[in-house]
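Note that these values count all heavy atoms, side chains included, but never hydrogens, waters or copies made by symmetry.
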Amino acid sequence: MDFSAFAEHPLHADTLRALRLLVAAESGTMGHLRNVLVTATHKDARVTAFLGTWAFEKFWIADALQHVVDAHPAVVLPAPVRQSRIGAFFGEIRDRVRPITGSIRANRIGEDMIAVHMTVGTIDEWLTEAALERVAELDPNPALRSIVDTLLQVKARQLEFFEAQARDRLATSERTRAVVARQIVRTGWPVGASAEAASETAFFYDYLFAGAPTTVAAIDDRISSLPGQEGLSLMSRAVAAHRGGRA
């Protein structure tokens, strides 16, 4: 990847801010994987083998995007609006407890959690792919386009596994489809960005998707194509919840 081209043709500040959130989302994979592998999902050898490679590739994607941001040392991005000290304290407690409570809840659900994790992975890939496409569309820089195309090739391969697994497992029973629907409605998107400041997630949705209703509708249509997940409008709801977040 050629990052030197940005010295002569830099990206817009809004582009870099959106990329910063995507770096957090992609690099947050290990925390997500930790929560996944304390559930029944770890018993499926094929899935866990895939997730090991997926985690490595997500780290590589995050590293590439961070290089893009770092290639613009003169651009000062707004600092994320952090929680108060009290909010941060309780947030840290929640983050420490969540893997335990999540494990207990997930193991009560049993093997249907594999369908949940595969569906979450599918939707998250659809969203982050669309985000990368929107970044390149809003800031038509040839160097950025080349990098995005390379990353999308990797993500397309990841999506092949996620989507095939999700569709197969959702087709098994009505109970599985109902369990998955309940879980994904409560999921924060993009998955790895849940630990980031709310101001950055709000900016991400407002900048990339508020002006792209066709893109948002297309993601929702893809989600509706999954067995038992019709009409959830997850992305439309996420954009609406974060409207006006470009402060």
Side-chain angles (χ1 to χ4, degrees), residues 22 24-62 94-131 151 154-196 201 219-220 222-230 232-235 237-238:
L22 283 171
E26 298 288 353
S27 62
T29 300
M30 293 310 296
H32 176 61
L33 189 61
R34 173 198 63 192
N35 296 336
V36 167
L37 294 180
V38 294
T39 70
T41 300
H42 83 276
K43 298 178 182 178
D44 188 306
R46 186 162 181 258
V47 169
T48 53
F50 164 77
L51 290 176
T53 301
W54 171 74
F56 171 79
E57 290 183 342
K58 294 274 275 187
F59 177 84
W60 179 83
I61 290 171
R94 183 179 62 250
D95 290 342
R96 290 176 181 270
V97 172
R98 183 179 293 159
I100 301 171
T101 58
S103 175
I104 294 171
R105 184 169 61 251
N107 283 291
R108 287 178 60 190
I109 293 173
E111 287 196 9
D112 284 340
M113 279 307 298
I114 306 176
V116 172
H117 292 141
M118 295 298 98
T119 305
V120 166
T122 300
I123 296 171
D124 200 56
E125 290 299 331
W126 283 336
L127 172 59
T128 52
E129 280 186 350
L151 300 184
V154 179
K155 295 178 81 64
R157 186 175 65 249
Q158 296 169 349
L159 183 57
E160 284 184 22
F161 185 91
F162 273 127
E163 186 174 354
Q165 285 282 320
R167 292 188 183 280
D168 285 349
R169 293 176 186 279
L170 285 167
T172 58
S173 72
E174 183 62 37
R175 178 183 184 276
T176 299
R177 293 188 285 274
V179 167
V180 170
R182 286 197 301 271
Q183 294 294 320
I184 64 175
V185 165
R186 295 199 294 261
T187 299
W189 311 98
V191 172
S194 58
E196 296 305 298
T201 307
I219 301 173
D220 280 335
R222 296 178 86 173
I223 297 170
S224 290
S225 75
L226 296 171
Q229 313 307 303
E230 299 84 0
L232 297 179
S233 300
L234 299 182
M235 293 304 116
R237 291 166 55 188

Can you measure from [atom1] ([X]) to [atom2] ([Y]) and round to the nearest 0.5 angstrom?
X: Glu163; Y: Thr119; atom1: CD; atom2: OG1; value: 10.0 Å
X: Ile123; Y: Leu232; atom1: CD1; atom2: CG; value: 7.5 Å
X: Ile184; Y: Ile223; atom1: CD1; atom2: CD1; value: 6.5 Å
X: Glu111; Y: Ser173; atom1: CD; atom2: OG; value: 11.0 Å
X: Phe50; Y: Arg157; atom1: CZ; atom2: CZ; value: 9.0 Å
X: Gln165; Y: Arg46; atom1: CD; atom2: CZ; value: 5.5 Å

Locate the shortest heavy-atom distance separating [X] from [Y]; write the atom from each residue and the value.
X: Ala130; Y: Ile219; value: CB-CD1, 3.7 Å
X: Trp189; Y: Leu127; value: CB-CD2, 3.6 Å
X: Trp60; Y: Leu151; value: CZ3-CD2, 3.6 Å
X: Ala166; Y: Thr122; value: CB-OG1, 3.6 Å

Exercise. For Thr128, what residues pass the side chain to side chain contact (heavy atoms under 4.5 Å, CB included) criterion, not counting sequence neighbours?
Worked result: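 Counting only residues at least two positions away or on another chain, Thr128 forms a side chain to side chain contact (heavy atoms under 4.5 Å, CB included) with Leu22, Glu26, Asp124, Glu125, Lys155, Pro190.
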
Exercise. Just by distance, do the side chain of Arg177 and the backbone of Leu226 share a donor-acceptor pair under 3.5 Å?
Worked result: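 Judged by distance alone, no pair lies under 3.5 Å.
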
Exercise. Short question: side chain of Thr172, backbone of Asp168 - any donor-acceptor pair under 3.5 Å?
Worked result: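 No; judged by distance alone, with no hydrogens or angles, the pair does not exist.
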
Exercise. Given the side-chain rings of Phe162 and Trp54, with only the six-membered ring counted for Trp, is the space between their centroids under 6.0 Å?
Worked result: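 Yes, the ring of Phe162 comes within the 6.0 Å limit of the ring of Trp54, centre to centre.
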
Exercise. Are side-chain N/O atoms of Ser233 and Asp220 paired as donor and acceptor at under 3.5 Å?
Worked result: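 Absent: no donor and acceptor within the cut-off.
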
